[in-house]
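Some notes on the structure that comes next.
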Amino acid sequence: MTRILAIEDEPDVALVLRVLFERSGYGFDLATNGRVGLRKVHDVRPDLVVLDVGLPEMDGWTVLERVRDFADVPILMLSAHSEESEKVRGLRGGADDYLAKPFNNNELLARVEALLRRVRSTERADRTEAGVYDDGVVRVDLRQRQVEVDGRPVDLTRTEFRLLSVLVQHAGAVLSPNQLLDQVWNDPTGIAPERVKFVVLRLRRKLGWSGDASPIAAVRGVGYRYRPQG
Ligand code: CA
């Protein structure tokens with residue numbers, strides 16, 4: 001059963017979410033504050049998280065940041081604000097989608113289903129990838145999903161791995177944020193620069209590649225390029 005975790009402190013909204021998702025055949029779990037929510041993301045491993053921005057103690061932005069340290073479960077943020085800047089902030093922080101309150105139930109359900117479909121289609125694509133990229137410094141085993149830099153294994157989330165795989169498979173070529181969004185997230189419709197930039201920064205940090213010498217180079221106004229090493 002597909003499991004959805006909502007992190008939401010308002011009982012009325014939580015009830016709406018429970019009825020909506022359970023009626024649609026999903027498993028539903030609720031956390032009423034960020035701390036419990038984080039623990040549940042870790043322990044229950046939900047398939048998707050609906051995350052309220054306005055939470056007591058630890059707000060939704062902090063929860064988002066902490067979840068992204070260990071999981072790339074799809075996250076849809078809910079916020080009382082409808083400004084575009086909030087949406088951009090969410091996507092820049094690694095959220096997958098954003099909806100303003102009060103939301104339309106059918107729209108929320110449609111967005112959730114779209115996110116779940118996207119994850120499944122990238123999982124299928126992962127299974128059919130084969131081969132190994134190796135330039136002497138960076139080694140990416142596409143089937144085993146293993147990455148080594150200078151012989152040292154690096155632990156990446158699925159999205160980070162897909163991003164690196166796509167970049168090395170097009171080594172030397174510049175890929176635009178939209179091309180990356182299409183190939184890595186299987187989503188040509190999102191706010192590309194923000195989402196892509198977030199994962200690029202994260203991937204570079206994990207691989208120990210920062211600054212101008214990074215093998216993953218940003219080409220201003222165009223996109224990103226992997227520069228073959230070795
Ligand atoms: Ca709230």
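All ligand and atom numbering here is 1-based and tracks the order in the structure.
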Rounded to the nearest 10 degrees, what's the angle OD2 of Asp52 makes with OE2 of Glu10 at the Ca ion (ligand 1)? Could you check? 110°
Strictly under 3.0 Å, is any N, O or S atom of Ala80 next to the Ca ion (ligand 1)? no
Could you walk me through whether Thr62 and Arg66 pass the side chain to side chain contact (heavy atoms under 4.5 Å, CB included) check? CA-CA 6 Å; Thr62 309; Arg66 303 232 180 132; 4.0 Å; yes
Considering only N, O or S atoms of Asp9, the one closest to the Ca ion (ligand 1): OD1
CD (Glu65) with more than 12 external heavy atoms under 6.0 Å: no
A quick test of your reading: do over 12 heavy atoms of other residues, nucleotides or ligands sit less than 6.0 Å from CG of Asp155? no
Glu160/Arg205 ion pair, N-O < 4.0 Å: no
